[in-house]
Amino acid sequence: MKLIAVIGSGTMGNGIAHTFAQAGYRVNLIDLNQERLNAALLTIEKNLDRQISKGLILADQKSDVLQNIQSFTQLNEGVSDAELVIEAATEDVAIKLKIFEDLDKFCKADTILASNTSSISITKIAGVTRRPDKIIGMHFMNPVPVMKLVEVIRGFSTSDETTKTIMNLSAQINKVPVEVHDYPGFVANRILMPMINEAIQCLHESVAGVHEIDTVMKLGMSHPMGPLQLADFIGLDVCLAILNVLYQGFGNPKYAPSPLLVNMVASGQLGVKSGSGFYDYTGGTKELVVSKRWG
């Protein structure tokens with residue numbers, strides 16, 4: 001493969017584009033909004049500068065990486081010649097299904113279509129296309145240029161050839177691919193989200209405060225980041241969406257979202273992206289400041 005298309009220029013989309021471009025692939029980054037694309041390219045440039053300052057890449061590699069990325073606001077133009085398309089749009093079933101319906105029309109017959117979904121069924125996504133054997137999940141971790149794992153999710157009809165191609169490609173971009181099967185939440189979020197939900201419930205029941213809950217998990221379980229801080233970074237709206245997928249998919253009350261999480265999302269406290277969640281980010285993310293609501 002030489003040309004990869006990435007749909008969505010948000011945190012995950014620009015990270016995926018950055019990673020492939022740094023590995024030498026040509027990347028078409030697609031978003032309906034040109035301003036978001038401009039912001040994504042600026043983010044990629046800043047992240048490259050950070051890599052240079054840490055000695056992870058050479059200064060002269062920066063221009064090569066940026067030259068490998070082209071931006072598009074029209075889906076058909078961005079994907080028409082791509083050999084792999086990775087969808088990294090918002091975690092909304094209806095939006096993703098519409099994207100894959102369109103991709104099936106606009107892409108070449110042999111193009112592999114992947115989703116970066118963190119919980120939505122790959123089999124369901126494949127069902128709106130005429131190429132279910134070429135539909136697969138590539139669940140990257142955030143921040144994409146740093147984190148090694150790629151959960152490769154095999155849908156009910158995903159072929160051996162498609163799976164092998166994506167496993168090999170993931171290794172070629174210096175990631176560690178792990179093959180999993182298509183069940184709600186896959187592996188990463190099926191394990192992670194109930195832990196985050198339980199941490200939120202502990203706060204809701206006043207078992208301990210924000211700082212205390214996160215400190216217990218960091219020092220007691222060697223987690224680099226506490227579950228409440230991690231929830232803020234993921235986005236509380238995303239956490240809620242994933243928990244709802246788990247709850248609906250398994251019909252098990254153990255996956256039911258905490259009422260506190262539901263209320264925080266309804267009130268617009270989404271974590272880092274909104275400037276406030278369990279912590280306050282108005283001064284940036286360098287220092288942890290517990291939100292006044294919990295202080």
Side-chain angles (χ1 to χ4, degrees), residues 1-31 36-71 82-88 114 116 118 137-152 165-179 187-189 192 214 218 221-227 229-235 238 271-273 279 281 283-288:
M1 292 186 180
K2 294 181 180 179
L3 177 60
I4 314 294
V6 178
I7 300 172
S9 62
T11 301
M12 297 305 295
N14 72 59
I16 293 168
H18 176 159
T19 299
F20 274 97
Q22 188 173 319
Y25 292 87
R26 290 188 295 119
V27 179
N28 288 351
L29 183 59
I30 306 162
D31 200 301
R36 285 199 295 263
L37 283 168
N38 294 341
L41 293 171
L42 184 60
T43 297
I44 292 170
E45 187 171 0
K46 288 179 179 178
N47 288 336
L48 287 166
D49 288 336
R50 188 176 292 113
Q51 288 178 308
I52 292 168
S53 68
K54 292 181 178 180
L56 299 174
I57 63 172
L58 299 175
D60 58 4
Q61 289 179 265
K62 175 182 173 180
S63 60
D64 292 338
V65 174
L66 293 174
Q67 286 175 10
N68 281 340
I69 303 173
Q70 281 192 295
S71 63
E83 294 152 287
L84 167 66
V85 179
I86 303 173
E87 170 272 318
N116 181 57
S118 55
M138 291 184 78
H139 180 206
F140 290 83
M141 305 294 125
N142 185 30
V144 181
V146 176
M147 300 292 280
K148 288 290 189 180
L149 176 65
V150 178
E151 248 187 331
V152 177
T165 298
I166 296 304
M167 292 288 285
N168 289 340
L169 179 67
S170 299
Q172 288 168 13
I173 60 172
N174 201 30
K175 300 299 181 187
V176 178
V178 176
E179 181 183 341
V187 171
N189 281 319
L192 174 64
D214 276 356
K218 286 191 286 186
M221 313 303 166
S222 294
H223 290 192
M225 185 182 290
Q229 183 189 5
L230 179 57
D232 275 354
F233 271 80
I234 293 170
V238 176
V272 174
K273 68 175 73 174
Y279 295 89
Y281 301 98
T285 59
K286 295 290 185 181
E287 295 184 16
L288 278 182

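The structure displayed is predicted, hence computed values, not measured ones.
- A side chain to side chain donor-acceptor pair (under 3.5 Å) with S9 is found for one member of D31, N14, T43 and no other, namely D31.
- Smallest separation of non-hydrogen atoms from A40 and L29: CB-CD2, 4.1 Å.
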Pair K62-E45, salt bridge (charged side-chain N to carboxylate O under 4.0 Å, His left out): steps then yes or no: CA-CA 8 Å; K62 175 182 173 180; E45 187 171 0; 3.3 Å; yes

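- With hydrogens and angles disregarded, no donor-acceptor distance shorter than 3.5 Å links the side chain of N142 to the backbone of T11.
- A donor-acceptor pair is defined here as one N or O able to donate and one able to accept, closer than 3.5 Å; such a pair exists between the side chain of K175 and the backbone of V144.
- Looking at heavy atoms from C-beta onward, L66 lies out of side-chain contact with L41 at the 4.5 angstrom threshold.
- Residues I16 and I4 have side chains not in contact (no heavy-atom distance under 4.5 Å, counting atoms from C-beta outward).
- Within the 4.5 Å cutoff, the side chain of I30 has heavy atoms near those of the I7 side chain.
- E83 contributes a side-chain N or O that, together with a main-chain N or O of L3, makes up a donor-acceptor pair within less than 3.5 Å.
- Scanning both residues, V187 and E151, for their nearest heavy atoms gives N-OE2, 2.9 Å.
- Nearest heavy-atom pair, A17 versus I69, reported as atom, atom and distance to 0.1 Å: O-CD1, 4.2 Å.
- Of the inter-residue distances, the one linking L288 atom CG with Q229 atom CD reads 4.0 Å to the nearest 0.5 angstrom.
- Of all heavy-atom pairs between A21 and N68, the closest is O-ND2, 3.0 Å.
- Taking all atoms of both residues into account, the shortest heavy-atom contact from M225 to F233 is SD-CD1, 4.1 Å.
- To the nearest 0.5 Å, the span separating CE on M12 from CE on M138 amounts to 11.0 Å.
- Atom CG of D232 is separated from atom CG of D214 by 8.5 Å, given to the nearest 0.5 angstrom.
- At least one side-chain heavy atom of K273 sits under 4.5 Å from a side-chain heavy atom of V238.
- Using a 3.5 Å distance cut-off with no hydrogens or angles, the side chains of Y25 and Q172 do pair a donor with an acceptor.
- A donor-acceptor contact shorter than 3.5 Å is absent between the side chain of N116 and the backbone of A88.
- The line from CG of N174 to CD of Q22 is 9.0 Å long, rounded to the nearest 0.5 Å.
- Minimum heavy-atom separation, A114 to L84: CB-CD1, 4.1 Å.
- By the 4.5 Å heavy-atom criterion applied to side chains, Q61 and Q51 are not counted as neighbours.
- Taking CD1 from I44 and CG from D49, the interatomic distance works out to 12.0 Å, rounded to the nearest 0.5 Å.
- With a 4.5 Å cut-off on side-chain heavy atoms, V146 and M141 do not count as touching.
- With contacts defined as side-chain heavy-atom distances shorter than 4.5 Å, the pair I234/L192 qualifies.
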